[in-house]
Amino acid sequence: MALQASLLPPLHIHKEAKSNASIKDATAFFGVSLSDHLKSDFRPLVLKGKWDLNQRKIANGVRAQTTITTPAISKAAPEGKKTLRKGNVIITGASSGLGLATAKALAETGKWHVIMGCRDFLKAERAAKSVGMSKENYTIMHLDLASLDSVRQFVDNFERSGMPLDVLVCNAAVYLPTAKEPTFTAEGFELSVGTNHLGHFLLSRLLLVDMKKSDYPSKRLIIVGSITGNTNTLAGNIPPKANLGDLRGLSGGLNGLNSSTMIDGGDFDGAKAYKDSKVCNMLTMQEFHRRYHEETGIAFASLYPGCIATTGLFREHIPLFRLLFPPFQKYITKGFVSEEEAGKRLAQVVSDPSLTKSGVYWSWNKESASFENKLSQEASDAEKARKVWEVSEKLVGLA
Ligand code: NDP
Ligand code: PMR
């Protein structure tokens, strides 16, 4: 729509890093066969009784809190022009890693109020303090993406707060590469796809209504993707590769009872489930763009922020992996990026006036310049995107 830009500067298109000899050596060292040696030290991420109890306590606390922390309208726009008030951005999973670094980067501009959608309220509060975010720049609201009830409760709490919604960042994720057996969300979906894709799918569909109402000049809905879901890259070709197949497992509800726990109907594989969930994230962004960009003017985007090898995402991996992965990415693939740098990248997608194009998968080159990247064939398949959308709608109770 009108806000999207013929005014934008042209962006340069580069390709993602390609293979080299040292990468081949490393493959032999710790790559492809590594998963055969993984220990099954998986612990469930969702402790239901505890979460439910916490959720009730927190939901009450949140109502009280959100009524007092609604951000003030700033009287003078610092750089003149259109921005009359602070932007409000919801970031899911802002209690660590990329989400926290992005929250910090945005909060310290003084132009954003960050709503941190987190499953562990105290962890989020400590995290915000630890990076020096000041109280008036953020609100924490409880959100457990592994429970659709919690997602609905979060949306309800947010709407009761009276804050307008200008940008939504779907960032939270779990990665369970060592799990021998699947675990499940509250509704019985395999946990990785249930959390990373279905929880965010419901959240973004519900919050679209709120975003439509916002008068903010540049509204954006961002879903974090990844290189490892894109099989047109070296990283995306490390087994197990993402593949959604004909969606038979997703259509069956991923519950392991009357259907497979994997989208393509295959045997459970935690690493593949994560990569599949990232493909769903990137397809969802494009389907949003096709369905809603013209009508709403919202810019829909996804991104690969770089390999942030130090984050909590790898917490379930074996200790040897966690030790070797950062130096491997730093010195061999050279794909490493610090949490701080990655946070600045995602903050750019939230607020940079030159990144308003919709339907784009952003990446960065070695000089940290952003470019529009190409998605793999599967991650850009419009027919698959439509099917994932329609099946997901049924699973989360929207159709
Ligand atoms: P982290 O583990 O540091 O952050 C993930 C966040 O998601 C945490 O805040 C976590 O909460 C939250 N989360 C997990 N499960 C739930 C849930 N059920 N409900 C609500 N929140 C939840 O990992 P990263 O920062 O690395 O990951 C952030 C995003 O970046 C992900 O989408 C990931 O796919 C993507 N990404 C990461 C890359 C990397 O190299 N690290 C590369 C490419 C993409 P808690 O703190 O409570 O655990
Ligand atoms: Mg990968 C340019 C090469 C490159 C990049 C950018 C990544 C990113 N990786 C690359 C190459 C390789 N990786 C090679 C050659 C190997 C074999 C040694 C390799 C292995 C590897 C493993 C075992 N890489 C991994 C894992 C994981 O468990 C991570 C994963 O797949 O998480 C889903 C991972 C990653 N590599 C990346 C990135 C960004 C990840 C992590 C996270 C993600 O996609 O969100």
Side-chain angles (χ1 to χ4, degrees), residues 16-20 22-35 38 45-46 51 91-103 116-124 126-127 142-147 150-151 154 169-178 185-186 191-192 194-197 199-200 203 223-230 233-242 270-278 281 302-318 321-322 324-326 328-329 332-337 339 342-343 346 363:
E16 255 158 357
K18 291 267 184 267
S19 153
N20 62 30
S22 49
I23 289 174
K24 266 195 204 145
D25 299 343
T27 310
F29 171 51
F30 93 128
V32 187
S33 60
L34 190 67
S35 58
L38 299 176
L45 287 170
V46 181
W51 291 129
I91 304 179
T92 68
S95 52
S96 73
L98 177 61
L100 178 62
T102 307
M116 302 167 71
C118 295
R119 61 179 167 172
D120 183 334
F121 192 89
L122 290 176
K123 180 177 176 185
R126 279 193 214 107
H142 186 260
L143 169 64
D144 182 355
L145 288 156
S147 155
S150 172
V151 171
F154 172 85
V169 181
C170 297
N171 161 78
V174 287
Y175 174 42
L176 311 168
T178 59
T185 65
L191 192 62
S192 328
T195 305
N196 308 355
H197 167 57
H200 278 135
L203 180 75
I223 310 177
V224 178
S226 181
I227 194 172
T228 54
N230 278 295
T233 64
L234 171 64
N237 274 291
I238 307 298
K241 290 199 229 176
K272 181 174 184 298
Y274 170 87
K275 294 175 190 178
D276 289 350
S277 76
K278 290 284 114 185
N281 287 155
S302 186
L303 68 148
Y304 167 57
C307 186
I308 330 160
T310 52
T311 71
L313 193 68
F314 310 103
R315 69 187 93 177
E316 301 295 338
H317 230 309
I318 56 165
F321 176 89
R322 294 204 305 271
L324 295 180
F325 193 53
F328 170 66
Q329 292 293 344
I332 299 180
T333 73
K334 310 243 192 309
F336 179 87
V337 65
E339 294 179 31
L346 179 46
S363 293

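Starting from 1, each residue takes its place in the sequence as its number. Worth saying up front: this structure is predicted, and the values here are computed from it rather than measured. Order of listing sets the numbers, starting from 1, for every ligand and every atom in it.
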Asks: Is there a heavy atom in Gly225 that sits closer than 4.0 Å to ligand 1?
Replies: yes
Asks: Please say whether Tyr304 places an N or O atom under 3.5 Å from an N or O atom belonging to ligand 2.
Replies: no
Asks: With a heavy-atom distance limit of 4.0 Å, tell me whether Thr195 approaches ligand 1 through its side chain, its backbone, both, or neither.
Replies: side chain
Asks: So is Phe314 close enough to ligand 1, meaning a heavy atom under 4.0 angstrom away?
Replies: yes
Asks: Counting only heavy atoms, which portion of Leu100 has something under 4.0 Å from ligand 1: side chain, backbone, both, or neither?
Replies: neither
Asks: For ligand 1, is there an N or O atom under 3.5 Å from any N or O atom of Gly117?
Replies: no
Asks: Does the N or O separation between Tyr304 and ligand 1 drop below 3.5 Å for any pair?
Replies: no
Asks: Would Leu313 count as a contact residue for ligand 2, given that I'm defining contact as a non-hydrogen atom of the residue lying under 4.0 Å from a ligand atom?
Replies: yes
Asks: I need the minimum non-hydrogen distance between Arg315 and Arg322, along with the two atoms involved.
Replies: O-NH1, 3.3 Å
Asks: With respect to Ser226, determine whether any N or O atom, backbone or side chain, lies less than 3.5 Å from an N or O atom of ligand 1.
Replies: no
Asks: What atoms of ligand 1 come within less than 4.0 Å of a heavy atom belonging to Ala146?
Replies: 18 (N)
Asks: Between the candidates Ala235, Pro240, Ala173, which shows the shortest non-hydrogen contact distance to atom 5 (C) of ligand 2?
Replies: Ala235
Asks: So, for Val174 and Tyr274, which heavy atoms are closest and what is the spacing to 0.1 Å?
Replies: O-CD1, 3.3 Å
Asks: Name the option, out of Phe321, Phe336, Phe325, Tyr274, that contains the heavy atom nearest to atom 24 (N) of ligand 2.
Replies: Phe325
Asks: Touching ligand 2 at all, Gln329? Heavy atoms, strictly under 4.0 Å?
Replies: yes
Asks: Quick check: Leu313 and ligand 1, any N/O pair under 3.5 Å apart?
Replies: yes
Asks: Is the closest heavy-atom distance from Ala342 to ligand 1 below 4.0 Å?
Replies: no
Asks: With backbone taken as N, CA, C and O and side chain as the heavy atoms from C-beta onward, which portion of Glu339 lies under 4.0 Å from ligand 1: side chain, backbone, both, or neither?
Replies: neither
Asks: So is Gly312 polar-close to ligand 1, meaning N/O to N/O under 3.5 Å?
Replies: yes
Asks: Could you tell me whether ligand 1 has any atom less than 4.0 Å away from a heavy atom of Asn171?
Replies: yes
Asks: If I apply the N/O under 3.5 Å rule, does Leu145 come out as touching ligand 1?
Replies: yes
Asks: Could you list which atoms of ligand 1 come closer than 4.0 Å to a heavy atom of Lys123?
Replies: 45 (P), 46 (O), 48 (O)
Asks: Of all the atoms in ligand 2, which lie at a distance below 4.0 Å from a heavy atom belonging to Ser226?
Replies: 43 (C), 44 (O), 45 (O)
Asks: Report yes or no: do Asp144 and Ser150 form a side-chain donor-acceptor pair below 3.5 Å?
Replies: no
Asks: Report yes if Val224 has an N/O atom closer than 3.5 Å to an N/O atom of ligand 1; otherwise report no.
Replies: no
Asks: For Thr333, take its heavy atoms, then give the atoms of ligand 2 lying under 4.0 Å from any of them.
Replies: 2 (C), 3 (C), 4 (C), 10 (C), 11 (C)
Asks: In Å and rounded to the nearest 0.5 Å, what is the OG to CG distance from Ser95 to Leu143?
Replies: 10.0 Å
Asks: Can you sort out which atoms of ligand 1 are near Leu143, meaning under 4.0 Å from one of its heavy atoms?
Replies: 19 (N), 20 (C)
Asks: I'd like the name of whichever of Ala127, Ala173, Gly335 reaches closest to atom 5 (C) of ligand 1 through any heavy atom.
Replies: Ala173
Asks: For ligand 2, is any non-hydrogen atom under 4.0 Å from Lys334's backbone (N, CA, C, O), its side chain (CB onward), both, or neither?
Replies: neither
Asks: May I ask you to decide if the ring planes of Phe314 and Phe321 are parallel, tilted or perpendicular, using 30° and 60° as cut-offs?
Replies: tilted
Asks: Which bit of Tyr274 is near ligand 1, meaning a heavy atom under 4.0 Å away: side chain, backbone, both or neither?
Replies: side chain
Asks: Would you mind running through ligand 1 and noting each atom that sits below 4.0 Å from a heavy atom of Gly97?
Replies: 3 (O), 25 (O)
Asks: Please list, in number order, the atoms of ligand 1 under 4.0 Å from a heavy atom of Arg315.
Replies: 2 (O), 48 (O)
Asks: Assess Gln329 for proximity to ligand 1: is some non-hydrogen atom of it under 4.0 Å away?
Replies: no
Asks: Taking Lys278 for its side chain and Val224 for its backbone only, find out whether a donor-acceptor pair lies under 3.5 Å.
Replies: yes
Asks: Using a 4.0 Å cutoff against the non-hydrogen atoms of Val174, which atoms of ligand 1 qualify?
Replies: 14 (C), 15 (N)
Asks: Quick check on contacts: which atoms of ligand 2 are under 4.0 angstrom from a heavy atom of Cys307?
Replies: 37 (C), 38 (C), 39 (C)
Asks: Ignoring hydrogens, just give me the one of Ala124, Ser96, Ala172 whose non-hydrogen atom is nearest atom 3 (O) of ligand 1.
Replies: Ser96
Asks: Between Arg119 and ligand 1, does any nitrogen or oxygen pair lie at a separation below 3.5 Å?
Replies: yes
Asks: What's the separation between atom CG in Leu145 and atom NE2 in His200, rounded to the nearest 0.5 Å?
Replies: 4.5 Å
Asks: Which heavy atom of Asn196 sits nearest a heavy atom of Ser277, and at what distance?
Replies: ND2-OG, 3.1 Å
Asks: Less than 4.0 Å is my threshold; does some heavy atom of Cys307 fall inside it relative to ligand 1?
Replies: yes
Asks: Closest heavy-atom contact between Thr195 and Thr185?
Replies: N-CG2, 4.1 Å
Asks: Just to check, does His317 reach to within less than 4.0 Å of ligand 2 when the distance is taken from its heavy atoms?
Replies: yes
